[in-house]
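Here is the naming used below: chain letters follow the sequence lines, and residue numbers restart at 1 for every chain. From a predicted model like this one, the values you see are computed outputs, not experimental measurements.
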Number of protein chains: 2
Amino acid sequence: MPDNIQCPDCKRINEVLSRVGDRWSFLVVFSLARYGTLRFNELKRSLGISQRMLSLTLKQLERDGLVHRTYHPSIPPKVEYTLTETGRSFHEPVNALGLWALENLDKIETARRAYDETV
Amino acid sequence: MPDNIQCPDCKRINEVLSRVGDRWSFLVVFSLARYGTLRFNELKRSLGISQRMLSLTLKQLERDGLVHRTYHPSIPPKVEYTLTETGRSFHEPVNALGLWALENLDKIETARRAYDETV
DNA sequence: CGGTATCCTCACGGATACTG
DNA sequence: CAGTATCCGTGAGGATACCG
């Protein structure tokens, strides 16, 4: 790497991650991909997320074109969320990350304990 | 989804992501995977990260067993960082995410503008 | 060069209450 | 049910200064 330039892609990757790279966005996409369609409170229970953060996260994801929102004007109201095509394509790397996480949690905890003992 | 239980994997995924799922960790792993070995200040310039955050991020990644640190006691000192095997395996999903980010930045910005106009 | 220490700010995010 | 509004605490993270 030439030492006076930045990692050429990191800046752009950073931009995208700062939009859809937070933990709640990951988990919402992960959940919607798994279950297809979920209502607001189903997502809320599913993720253990606060009402406020879910509302904010869903609005961002809708704005960025990853999530589609369908409002059924019944009483009580019913709102369903699904992934858009872009959202589904985002699911692939998100899922890969989730699987890696599940597979490596133990390894990380072991490494962490080992590290802490040497200190 | 049964409506009274949580997304079964989300809790564990959340745990791992809360450790290695921050943006700086992603970018450090992404950079180290691409360039192999980098010194502290090379990483710093490469990522546009503050000295403090890079120091903290590297220490976490070393602790979690994703990054290996080699100290050369010369004058001036020289410290090189590489990925461990776990770190390299982490690179796969991180890279997938990075590539997705690069491919979809435009699409996201377009969706965002469209959304903002309807409001 | 490769850090640590300190200070300071602001955004993340929970708790609670209220509404159509 | 599906939000919005408000308040508030904590922690992420930059800026700066200093050190071996």
Side-chain angles (χ1 to χ4, degrees), chain A residues 1 3-4 6 10-11 13-15 17-28 31-32 35 37-64 67-82 115 119, chain B residues 1 3-4 6 10-11 13-15 17-28 31-32 35 37-64 67-82 115 119:
Chain A
M1 181 177 53
D3 69 66
N4 58 342
Q6 298 203 342
C10 286
K11 192 161 170 297
I13 291 176
N14 203 355
E15 276 184 63
L17 290 181
S18 68
R19 299 172 183 222
V20 296
D22 63 289
R23 208 153 57 257
W24 291 133
S25 294
F26 281 164
L27 291 176
V28 165
S31 252
L32 285 180
Y35 297 110
T37 299
L38 289 173
R39 301 178 62 175
F40 185 87
N41 276 313
E42 287 176 335
L43 269 169
K44 183 169 178 297
R45 281 189 299 271
S46 158
L47 302 179
I49 186 178
S50 72
Q51 197 167 23
R52 179 185 128 86
M53 285 314 295
L54 180 57
S55 176
L56 289 174
T57 301
L58 285 170
K59 211 181 296 180
Q60 300 277 347
L61 290 174
E62 190 192 355
R63 186 178 179 221
D64 287 338
V67 158
H68 181 70
R69 177 181 184 273
T70 309
Y71 175 71
H72 303 277
S74 52
I75 296 179
K78 177 175 177 180
V79 180
E80 293 181 317
Y81 291 93
T82 58
Y115 181 95
V119 181
Chain B
M1 180 178 55
D3 68 67
N4 59 342
Q6 297 203 341
C10 287
K11 192 162 171 297
I13 291 176
N14 203 355
E15 276 184 63
L17 290 181
S18 69
R19 297 171 185 224
V20 297
D22 63 287
R23 208 154 55 258
W24 290 133
S25 295
F26 281 164
L27 291 175
V28 165
S31 252
L32 285 180
Y35 296 110
T37 299
L38 289 174
R39 300 176 63 172
F40 185 87
N41 277 314
E42 287 176 336
L43 268 170
K44 182 168 177 300
R45 281 188 298 271
S46 158
L47 301 180
I49 186 179
S50 72
Q51 195 167 24
R52 178 185 129 86
M53 284 315 295
L54 179 57
S55 176
L56 289 174
T57 301
L58 285 170
K59 212 182 294 177
Q60 300 278 345
L61 289 174
E62 190 192 356
R63 185 177 179 224
D64 288 337
V67 157
H68 181 69
R69 177 181 185 273
T70 311
Y71 175 71
H72 303 276
S74 51
I75 296 181
K78 177 177 179 177
V79 180
E80 292 181 319
Y81 293 93
T82 59
Y115 180 95
V119 182

When rounded to the nearest 0.5 Å, the distance separating NZ of A:Lys59 from CG of A:Asp64 is 13.5 Å
Rounded to the nearest 0.5 angstrom, the CE-CG distance for A:Met53 and A:Leu27 is 11.5 Å
task: Please assess B:Leu58 against B:Phe40 for the test side chain to side chain contact (heavy atoms under 4.5 Å, CB included), listing each intermediate value before the final yes or no.
output: CA-CA 9 Å; B:Leu58 285 170; B:Phe40 185 87; 3.9 Å; yes
By nearest-heavy-atom nucleotide on DNA chain D, the more 5' of B:Ser50 and A:Lys78 is A:Lys78
Here the distance between atom P of C:dG14 and atom CD1 of A:Ile49, to the nearest Å, is 7 Å
Of the candidates D:dG3, D:dG13, C:dG13, the side chain of A:Gln51 sits closest to D:dG3
In whole angstroms, the gap separating P of D:dG13 from CZ of B:Phe26 amounts to 12 Å
In whole angstroms, the gap separating C1' of D:dG3 from CG of A:Leu61 amounts to 16 Å
Residue set satisfying side chain to side chain donor-acceptor pair (under 3.5 Å) with A:Arg69, at least two apart, ordered chain then number -> A:Tyr81
- Message: Within the 4.0 Å heavy-atom criterion, would you say B:Arg69 contacts the bases, only the backbone, or no part of the nucleic acid?
- Response: sugar-phosphate
Atom CE of B:Met53 and atom C1' of C:dT4 are separated, to the nearest Å, by 14 Å
In whole angstroms, the gap separating C1' of C:dA5 from CG of B:Leu56 amounts to 11 Å
When rounded to whole Å, the CG to C1' distance for the pair A:Leu54 and D:dT4 reads 13 Å
Side-chain atoms of B:Ser55 come closest, of D:dC1, C:dG2, C:dT4, to C:dT4
query: Think A:Tyr81 has a side-chain N or O under 4.0 angstrom from the OP1 or OP2 of D:dG3?
result: yes
- request: Using only side-chain N and O atoms of B:Lys44, determine if any of them is under 4.0 Å from OP1 or OP2 of C:dC1.
  value: no
Residue pair A:Arg23/B:Arg52 against DNA chain C: nearer the 5' end by closest nucleotide is B:Arg52
Rounded to whole Å, the CH2-C1' distance (A:Trp24 to C:dA11) equals 16 Å
Looking only at D:dC1, C:dC1, C:dG14, the nucleotide nearest the B:Pro77 side chain is C:dC1
Atom CG of A:Leu38 and atom C1' of D:dA2 are separated, to the nearest Å, by 15 Å
* Asked: Reckon A:Arg39 has a side-chain N or O less than 4.0 Å from the OP1 or OP2 of D:dA2?
  -> yes
Interatomic distance, CG@A:Leu32 vs CD@A:Glu42, rounded to 0.5 Å, equals 10.0 Å
